[in-house]
Amino acid sequence: MKDDRRKRIEALVSQRDTVTMEELRDAFGVSMNTVRSDVAYLVGTGAVEKIYGGVRAVQRQEVPLFTQRTQLRTEEKRRVARRAQELIEDGDTLYIDAGTTTMHLIDFLDPAKHVTIVTGNLYVVRQAYDKPHVELIVLPGAMNRRTNSVSDVGTLEFLGRYQFAKAFMGASGVSPEGRLNVSTYIEYELKKLAVARSRQAWLLLDSGKFGGGSLMSYGVLEDMTGLITAPPCPEEIRDCCRRKNVGLTIVT
């Protein structure tokens, strides 16, 4: 499959740092036109960088492990999640993204509400066991300890079967111009698909996610129904939300 091949190309480039176009052609048994198409796509997502005669890995700032990130701004993240759960209505089908803020939605979910949750977030999976009115659908994939979630290229086909009333999304960061950053190609694909399959998409962020840039982003603030965050929220983000008609909630 095309998505699987592109994922494997990214992994090969990451492992070897630089790979020629001919090496990609031979390694994957496809035509040079197919290699060019795959490389152009991966360059467009920021997964790899084009160089003369081939591609090379993009050096990115490493995202801390899940266990480290859960210890940062914990109360702030819980306040954001508590406000976000007020958006959930009885009968909703929800997508809950991986993340140390989105995971707390399950902690504050009204136990009287009947909802269906589709997720690869392992914290949500574990906590949902004690929620008798939650119908849980767990995404397939390999465990990622960095995000405490499951995902791989097969997850995309499974996720594409569903439509959601609301998606609660995270990001590794938000640039000053409102781009929603991610650190891997598979996160890029999963988050983009989840937003596309949802009537509403809500971005949940702690205040430490603002600033900086990334070569790979799965969308922009205007793709979101709203942003729920905590102070301080930079003025450029407030201004972007006003101009793009994105709902902004700052919890204190």
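Quick caveat, the model's predicted, so the values are computed rather than measured.
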Would you say the side-chain atoms of [X] pair up with the backbone N or O of [Y], donor to acceptor, closer than 3.5 Å?
X: K131; Y: I106; result: yes
X: H133; Y: P111; result: yes
X: E49; Y: V55; result: no

Is a side-chain donor-acceptor pair under 3.5 Å present for [Y] with [X]?
X: T18; Y: R56; answer: no
X: T34; Y: S37; answer: no
X: D107; Y: Y123; answer: yes
X: K209; Y: S172; answer: no

Checking side chain to side chain contact (heavy atoms under 4.5 Å, CB included) for the pair V48/I9: CA distance, chi angles, key distance, verdict? CA-CA 9 Å; V48 300; I9 288 173; 5.6 Å; no
How many angstroms lie between [atom1] in [X] and [atom2] in [Y], if you round to the nearest 0.5 Å?
X: C240; Y: N245; atom1: SG; atom2: CG; value: 11.5 Å
X: L204; Y: Q85; atom1: CG; atom2: CD; value: 11.5 Å
X: Q127; Y: N121; atom1: CD; atom2: CG; value: 10.0 Å

Strictly below 4.0 Å, N to O, side chains only: are [X] and [Y] in salt-bridge contact?
X: E10; Y: R5; result: no
X: R243; Y: E236; result: no
X: R82; Y: E86; result: no

Side chain to side chain contact (heavy atoms under 4.5 Å, CB included) between V150 and N144, worked out: CA-CA 6 Å; V150 292; N144 183 335; over 6 Å; no
Quick check: are there more than 12 heavy atoms from other residues, nucleotides or ligands sitting under 6.0 Å from CG of D90? yes
In this structure, are over 12 heavy atoms from other groups packed under 6.0 Å from R25 atom CZ? yes
Verify same cluster id: [X], [Y] (apolar side-chain graph, 4.5 Å):
X: L180; Y: I250; answer: yes
X: L139; Y: V195; answer: yes
X: L94; Y: V138; answer: yes
X: L136; Y: V115; answer: yes

Over all heavy atoms of both residues, which pair between R238 and C233 is shortest? Give the atoms and the distance, please. NE-O, 3.0 Å
Distance-minimising heavy-atom pair for T102 and G170: CG2-N, 4.1 Å
Stepwise, does the side chain to side chain contact (heavy atoms under 4.5 Å, CB included) test hold for L203 with L221? CA-CA 8 Å; L203 184 63; L221 272 176; 3.9 Å; yes
Below 4.5 Å, heavy atoms only, C-beta onward: do V251 and T229 meet side chain to side chain? no
Could you go through the side chain to side chain donor-acceptor pair (under 3.5 Å) check for S198 and Q163 one step at a time? CA-CA 6 Å; S198 304; Q163 295 192 27; over 6 Å; no
Using the ring of each side chain (for Trp, its six-membered ring), is Y162 parallel, tilted or perpendicular to F158, with breaks at 30° and 60°? tilted
For the pair M32 and E22, evaluate side chain to side chain contact (heavy atoms under 4.5 Å, CB included) and give the outcome as yes or no after the intermediate values. CA-CA 8 Å; M32 187 57 76; E22 288 78 12; 4.2 Å; yes
With E89, which of H114, K113, K166 fulfils side-chain hydrogen bond (donor to acceptor under 3.5 Å, both in side chains)? K166
Against the six-membered ring of Y41, is R6 placed for a cation-pi contact (under 6.0 Å from the centre, within 45° of the normal)? yes
Can E235 and R242 be said to form a salt bridge (charged side-chain N to carboxylate O under 4.0 Å, His left out), step by step? CA-CA 10 Å; E235 184 55 39; R242 284 192 294 266; 2.7 Å; yes
Can the ring centres of Y218 and Y188 be said to be less than 6.0 Å apart? no
